[in-house]
There are 2 protein chains.
Amino acid sequence: MADAGPAEPSKNALKKAAKEKEKAEKKAAAKARELAERQKKEADDANDVSVDSYGELPLCGSVEFKPTNIPRESLANIAQHEDKTIVFRSWVVNARVQSAKLAFLNLRQGLHTVQAVVAASETLSKQMVKFSGNISTESTIVVHGLVKKTKEPINSASIKDYEIHIQKLFIEAKAEVPLPLQVEDAERPIPSEGLGDEDDKATEGGEKPIVGLNTRLNNRTLDLRAKTNQAIFVIKSGVCALFQEFLSQKGFILIQTPKILGAASEGGANVFEVKYFDRPAFLAQSPQFYKQMLIASRFQRVMEIGPVFRAENSNTARHLTEFTGLDMEMEFQENYHEVMGMLEDLMLFIFKELNSRYKKETDLVRSVYHVEEFKLPESGKVPRIPFTEGIKMLREAGEKLGDYDDLSTPQEKHLGRLVLEKYGTDFYVLDQFPLAIRPFYTMPSPADPLLSNSYDMFMRGQEILSGAQRIHDSKLLDKRMREHDPPVDPEGAGTKDYVQSFKYGCPPHGGGGFGLERIVQFWLGLPNIRMTSLFPRDPIRLMP
Amino acid sequence: MADAGPAEPSKNALKKAAKEKEKAEKKAAAKARELAERQKKEADDANDVSVDSYGELPLCGSVEFKPTNIPRESLANIAQHEDKTIVFRSWVVNARVQSAKLAFLNLRQGLHTVQAVVAASETLSKQMVKFSGNISTESTIVVHGLVKKTKEPINSASIKDYEIHIQKLFIEAKAEVPLPLQVEDAERPIPSEGLGDEDDKATEGGEKPIVGLNTRLNNRTLDLRAKTNQAIFVIKSGVCALFQEFLSQKGFILIQTPKILGAASEGGANVFEVKYFDRPAFLAQSPQFYKQMLIASRFQRVMEIGPVFRAENSNTARHLTEFTGLDMEMEFQENYHEVMGMLEDLMLFIFKELNSRYKKETDLVRSVYHVEEFKLPESGKVPRIPFTEGIKMLREAGEKLGDYDDLSTPQEKHLGRLVLEKYGTDFYVLDQFPLAIRPFYTMPSPADPLLSNSYDMFMRGQEILSGAQRIHDSKLLDKRMREHDPPVDPEGAGTKDYVQSFKYGCPPHGGGGFGLERIVQFWLGLPNIRMTSLFPRDPIRLMP
């Protein structure tokens with residue numbers, strides 16, 4: 001069903017195909033004969049003892065053959081195979097002919113690289129050495145080779161104690177030359193937070209070329225082959241898995257709420273419009289209304305992982321127009337701090353498991369970007385700092401701002417440094433935000449009507465989550481919508497069903513929404529959020 | 001970050017709020033005083049011994065109070081609490097006053113219902129009995145009550161052996177009357193496959209009203225409270241979790257590919273257009289191109305759970321314009337049947353675990369819709385039926401169709417019955433589909449150039465997945481695009497990056513995309529796919 005192909009078979013196409021069937025079969029047979037003959041001739045000419053041990057395989061799947069079913073090994077387990085011959089797929093990082101009798105290849109599989117040697121002998125021809133040393137970078141190959149312990153550690157490969165003595169080598173998919181982007185160039189850090197091509201610098205003398213983010217993103221499928229990128233997206237997948245693992249143990253179910261809306265809901269700004277048959281529709285800016293409606297539907301605890309769309313014309317290092325929301329919403333019994341406790345425990349679990357299950361990937365990325373470790377509170381207790389207390393800390397540090405002012409991004413980062421100093425943690429919570437700077441559905445605070453039962457969570461001084469107790473009573477919600485600046489119509493097309501759903505006994509509830517890309521960015525300390533999106537979208541970029 | 005609120009605090013709003021602060025505080029204090037006085041007076045008047053044991057709680061979170069931190073119990077564990085007092089939240093299915101001294105309530109929590117008794121005594125007033133018996137249906141309450149074994153099983157509740165003797169009862173959220181839809185009416189099966197209001201029938205005499213799907217969907221947040229609906233979405237969440245559990249064990253990572261595209265890709269039909277700042281963009285019809293590009297980026301095994309958008313103007317019981325795709329793509333070593341094997345094992349795992357972990361929910365829904373068990377092959381081997389063999393079976397059963405014709409929906413269902421008869425399974429695979437009816441990126445079959453290395457999977461005779469080996473060579477892909485009817489431009493804005501990514505050594509790969517809602521629908525045997533979407537979208541429906 002995901003393959004959106006032509007719905008109906010065309011009769012013309014069938015007839016045409018029928019005619020071409022015979023033709024194609026004849027052609028294929030002739031071609032195969034020709035190839036076999038030519039290879040045989042070349043081999044005979046050269047007296048090549050390795051004629052069956054190397055070459056280019058026909059396109060996999062395009063010719064009938066009996067699978068060998070030989071197991072393919074992972075380079076991760078290479079030590080288990082010492083002095084044995086293994087078969088594995090890998091790709092060529094580089095290949096060079098050392099002499100007529102010797103070629104070296106650097107082969108990669110996942111995050112591992114290994115050195116491979118092709119040495120001429122009585123059973124391995126010079127022709128095969130030449131062929132092997134000339135394979136183009138990034139080609140995919142199948143290797144049969146003997147695993148040998150090395151005498152000295154190999155510095156140019158991630159596997160230092162073993163090398164492969166190649167016995168057979170076949171190209172499965174040849175890479176064209178030249179590559180528009182060298183994967184090795186994409187392994188180095190991006191030179192700035194910038195987006196443009198102004199970073200690109202060509203090679204001068206022995207210097208390595210510098211490749212900016214824009215060039216990398218324009219060639220994203222090659223760029224993504226870089227080890228750092230592979231590690232980033234393994235970690236991103238891990239954060240999703242950990243989010244679900246923790247919350248499903250707590251009784252949350254995974255939901256999917258609609259992304260196409262009949263009317264703009266939360267204010268109507270920054271919304272993308274969709275042409276929905278003959279009428280306008282809108283892309284969801286968050287699952288906010290729907291996850292609350294499901295609490296009203298007695299779902300008790302829900303979570304969602306899905307795209308959110310923001311039509312903000314911001315070309316900064318921390319904005320995307322499409323990103324992944326990690327959302328949760330739950331009823332609570334007595335106090336919205338129950339929800340905050342759940343969110344804190346969730347994040348502590350994620351951090352802990354990233355540090356163990358994804359240590360290798362984390363270390364790899366942080367070593368390239370020279371990022372410090374992510375500090376967590378030694379006590380295990382996450383600081384819950386009242387917003388007013390945060391303001392006080394900033395004022396004492398020289399910032400000028402009023403009791404109910406929102407924090408600017410530099411002020412947030414400043415506060416992050418102050419909290420790190422005082423509490424020794426890169427992760428913390430601000431609680432009881434001013435009511436006026438929060439959405440209309442936020443529950444006002446009983447302690448101070450200018451404050452609200454709402455909170456933000458921060459990593460390295462930057463916001464990763466916004467959340468609150470929500471108003472679960474339709475009358476109060478109606479009132480707050482009308483009082484809002486600008487007012488929101490509780491009877492509007494985008495709000496009516498939402499307000500109605502709180503008329504019929506909705507329990508008290510709260511929740512929050514994380515930006516997945518931000519968690520990954522700040523965990524790893526990356527300079528630009530685009531690096532954490534496979535194919536990022538911003539006001540300028542819609543390709544690839 | 002998911003809370004899309006006003007970005008900037010308005011100074012006017014702050015001033016205004018500051019003024020209102022004092023006012024509100026005074027008002028709240030006055031109101032609290034007034035309420036306390038009135039309650040005291042009423043109690044004194046009536047000499048009510050239970051004055052502190054019942055009533056309506058103030059809106060949770062709107063007044064400061066010290067949480068009791070009394071643990072709230074789940075009715076699932078009621079047997080553990082025999083002869084003990086428990087505190088729990090639940091909602092009122094119905095309440096009735098039996099006499100001045102006795103009221104009965106039917107209370108629900110999740111899929112459980114329990115009978116509760118309020119009996120006047122020296123310590124429980126008649127006023128409390130009256131109050132309890134008059135609570136409106138669907139109100140949320142907190143109960144303190146003694147768990148007692150019943151002498152005879154209670155037929156009207158799902159918990160038959162225990163009842164609650166209420167000691168305290170507080171309303172947390174009162175439901176308004178009348179309800180636009182009775183939850184109990186939504187518990188009965190929908191009367192037809194139809195979408196319209198023509199199914200709705202009012203109560204006549206003792207008959208229960210019949211409520212059609214349209215009315216239910218118009219009141220979806222109440223409709224979703226029905227036990228069948230809660231069970232459907234627990235199962236849907238379960239299918240997602242099982243999909244990820246199985247594949248992540250096999251080394252798949254979870255990806256997020258963009259839903260906003262710069263150009264329509266797969267042919268351009270049935271695509272929703274988006275207004276993207278000052279230019280047109282499009283919603284993704286599937287992650288097809290991107291998941292393949294990630295295989296070209298060496299991701300090896302990827303999976304995605306995300307919305308897919310189809311602008312098909314079909315108002316049937318099996319189409320949605322927005323549904324959830326469960327996608328996977330993987331490289332394989334020698335033969336695309338490796339991918340089919342992975343998909344078969346995945347579905348067998350999901351079915352097995354649905355039968356154990358989600359048995360209660362499955363049984364509940366199937367009992368309402370009188371659906372037969374889902375049969376799986378006794379041998380554990382999923383039949384892989386060549387498409388040509390399927391055609392032969394249908395012809396022998398009297399259907400008229402050509403060797404390379406696509407199957408109509410009735411023919412697919414017919415084949416499903418034939419396969420069930422012959423192989424004893426509701427789940428099977430058709431392999432080697434005609435090339436002309438598959439997308440251009442499908443690998444042609446080496447056995448017959450009119451066929452292709454592609455497959456569909458079926459449940460109860462209906463398609464749940466379409467998949468194939470993909471062309472991993474840019475030259476062949478280019479050729480197939482030009483030959484396609486109608487031709488697709490390999491240099492087009494929506495295809496260029498895709499075709500390019502196969503130039504640089506992409507390994508052979510295949511995959512498939514499931515429709516999540518279809519798996520749930522056919523597993524449970526539901527008459528309409530809208531029942532498996534929380535807030536379904538079709539050409540007419542965009543609300544709620």
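The analysis underlying the following values was restricted to heavy atoms, covering all of them including side chains, and did not include hydrogens, waters or symmetry mates. Letters go in sequence order (proteins before strands), and every chain restarts at 1.
In this structure, no portion of B/D223 lies under 4.5 Å from any heavy atom of chain A. Only the backbone of B/R541 comes within contact range of chain A, judged by heavy atoms closer than 4.5 Å. At a 4.5 Å heavy-atom cutoff, the contact between B/L476 and chain A is made by side-chain atoms alone. With a threshold of 4.5 angstrom between heavy atoms, B/L294 approaches chain A through side-chain atoms but not through N, CA, C or O. In this structure, chain A has a heavy atom under 4.5 Å from the side chain of B/H472, while its backbone stays farther away. With a threshold of 4.5 angstrom between heavy atoms, B/C60 approaches chain A through its backbone and through its side chain. Only the side chain of B/L283 comes within less than 4.5 Å of a heavy atom in chain A; its backbone stays farther off.
Put simply, the side chain of A/Q230 gets close to the backbone of B/S297: a donor and an acceptor are under 3.5 Å apart. Between the A/R89 side chain and the B/F332 main chain, a donor and an acceptor come within less than 3.5 Å of each other. Proximity of a side-chain donor or acceptor of B/R298 to a complementary backbone N or O of A/L224 within less than 3.5 Å is not detected. In terms of modelled atom types and a separation under 3.5 Å, the side chain of A/R537 and the main chain of B/I260 share a donor-acceptor contact. Side-chain N or O atoms of A/E334 include one that pairs as donor or acceptor with a backbone N or O of B/T68 at under 3.5 Å. For B/E172 (side chain) and A/P508 (main-chain N/O), no donor-acceptor pair under 3.5 Å exists by modelled atom type. Side chain of A/Q244 to backbone of B/A241: no donor-acceptor contact under 3.5 angstrom is found. A side-chain donor-acceptor contact under 3.5 Å links A/T140 to the backbone of B/G505. Under a 3.5 Å cut-off, the side chain of B/N453 and the backbone N or O of A/G61 do form a donor-acceptor pair.
The shortest side-chain heavy-atom distance between A/I305 and B/I305 does not fall under the 4.5 Å cut-off. Two residues are said to be in side-chain contact when any heavy atoms from C-beta on lie closer than 4.5 Å; B/Q256 and A/L516 meet this criterion. B/I255 has its side chain out of reach of A/F233: every pair of non-hydrogen atoms, C-beta onward, lies at least 4.5 Å apart.
Between chain B and the residues A/E138, A/E322, A/Q469, A/M443, the largest count of heavy-atom pairs under 4.5 Å involves A/E322. Each of B/L326, B/L222, B/N335 has some count of heavy-atom pairs under 4.5 Å with chain A, and the biggest count is that of B/L222. Interface check for chain B: of the options A/M543, A/K496, A/Q333, the most heavy-atom pairs under 4.5 Å are formed by A/Q333. For the set B/S248, B/P180, B/S445, the count of heavy-atom pairs under 4.5 angstrom toward chain A peaks at B/P180. Top candidate by heavy-atom pairs under 4.5 Å with chain A, chosen from B/A281, B/P507, B/S533, B/P536, is B/P507. Heavy-atom pairs under 4.5 Å with chain A peak, among B/Y498, B/Y336, B/F502, B/F65, at B/F65. Contact tally against chain B (heavy-atom pairs below 4.5 Å) for A/A173, A/P444, A/S136: the top residue is A/A173. Contact count versus chain B (heavy atoms, under 4.5 Å) is highest, among A/V274, A/V92, A/N229, for A/V274. Contact count versus chain B (heavy atoms, under 4.5 Å) is highest, among A/R72, A/Q500, A/E273, A/K174, for A/R72. Residue with the most contacts toward chain A among B/L59, B/D473, B/V63, B/T324: B/L59 (heavy-atom pairs, distance under 4.5 Å). When each of B/F299, B/F252, B/Y290 is checked for heavy-atom pairs under 4.5 Å with chain A, B/Y290 comes out on top. Across A/S237, A/G306, A/S62, the residue that shares the most heavy-atom pairs under 4.5 angstrom with chain B is A/S237.
In terms of heavy atoms, A/A447 sits closest to B/E64 at CA-OE1, 3.7 Å. Shown here for A/K275 and B/F272, the closest heavy-atom pair between the two residues is O-CD2, 3.5 Å. Between A/C240 and B/L254, the shortest heavy-atom contact is CB-CD2, 3.6 Å. Of all heavy-atom pairs spanning B/M293 and A/P544, the tightest one is CE-CB, 4.1 Å.
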Verdict with reasoning, A/L542 to B/F277, per side-chain contact (heavy atoms from CB on, under 4.5 Å): CA-CA 11 Å; A/L542 270 176; B/F277 302 102; over 6 Å; no
Under the side chain to side chain donor-acceptor pair (under 3.5 Å) rule, what do A/T321 and B/Y276 come out as? Steps first, then yes or no, please. CA-CA 10 Å; A/T321 51; B/Y276 196 77; 2.7 Å; yes
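For the residue pair A/R220 and B/S501, no side-chain donor N or O sits within less than 3.5 Å of a side-chain acceptor on the partner.
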